[in-house]
Amino acid sequence: AQTIHQWPVAEIKAVGSPLSLGCTIKGKSSPNLYWYWQATGGTLQQLFYSITVGQVESVVQLNLSASRPKDDQFILSTEKLLLSHSGFYLCAWSLEQGDTEVFFGKGTRLTVV
Amino acid sequence: QQQVRQSPQSLTVWEGETAILNCSYEDSTFNYFPWYQQFPGEGPALLISIRSVSDKKEDGRFTIFFNKREKKLSLHITDSQPGDSATYFCAASGSNYQLIWGSGTKLIIKP
């Protein structure tokens with residue numbers, strides 16, 4: 001069975017501090033990977049996607065970057081957090097592009113103070 | 001151009017009634033429309049989806065009605081249950097790796 005694990009579950013960070021969020025997918029080879037951001041009570045905004053190791057495409061930057069160092073791992077990071085980075089970060093995967101189900105992780109709740 | 005709109009923002013119905021959630025889009029190249037259900041503190045999960053070649057899709061108590069000409073679709077939840085209380089997102093995609101999401105409808109089912 002496929003599993004998607006996000007870490008950490010929650011973070012409280014200071015403005016200007018660095019951030020690294022991670023995501024691992026097990027049970028699927030070469031999945032498409034995605035990072036989403038969701039404001040509290042808001043819609044989902046796709047940030048990045050990756051269809052292969054080492055390649056990441058930006059959809060909306062928001063002063064964040066993403067990397068895919070391994071086939072099953074996706075990392076979201078920034079060197080300097082802003083207050084506006086607070087929210088719910090979701091990692092997701094799919095097998096194909098377009099009309100296919102996207103499976104989401106349980107998310108990381110980030111509070112920037 | 002790439003926008004998905006949902007209404008109402010929130011909806012309250014009694015248990016057993018039919019809840020109707022609406023969605024519209026602008027980009028005529030969109031051809032896949034999933035509806036996701038999200039409970040507080042969790043990631044969204046796919047509920048039901050439809051492709052633009054169809055005008056209706058049923059899965060148990062959940063039905064999507066799709067009007068390509070008007071670029072509108074709706075999700076009907078019949079015999080609503082308290083466990084259906086959640087936020088429902090309509091999304092749309094075309095030929096790339098992007099999903100465009102609506103703002104969501106918060107559904108409350110009163111027992």
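A, B, ... follow the sequence lines: proteins, then strands. Residue 1 opens every chain. Values below: every heavy atom of this structure, side chains too, minus hydrogens, waters and symmetry copies.
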Presence of salt bridge, B/Asp55 and B/Lys68, under 4.0 angstrom: no
Salt bridge B/Asp84-B/Arg61, side-chain N to carboxylate O under 4.0 Å: yes
Top contributor to chain A interface from B/Ala45, B/Gly43, B/Gly104 [non-hydrogen pairs under 4.5 Å]: B/Gly43
A/Trp7 ring center within less than 6.0 Å of A/Phe74 ring center: no
Does any backbone or side-chain atom of [X] lie under 4.5 Å from a heavy atom of chain A? Answer side chain, backbone, both or neither.
X: B/Tyr36; value: side chain
X: B/Pro44; value: both
X: B/Gln38; value: side chain

Nearest-0.5 Å distance that lies between atom CG in A/Leu81 and atom CG in A/Leu110: 6.0 Å
By a 4.5 Å heavy-atom criterion (distance strictly below it), what part of [X] contacts chain B: side chain, backbone, both, or neither?
X: A/Gln38; answer: side chain
X: A/Leu44; answer: both
X: A/Tyr36; answer: side chain

B/Phe33 and B/Phe30 aromatic ring geometry - parallel, tilted or perpendicular at 30°/60° bounds: perpendicular
Side-chain donor/acceptor of B/Asp59 to backbone N/O of B/Phe62, under 3.5 Å: no
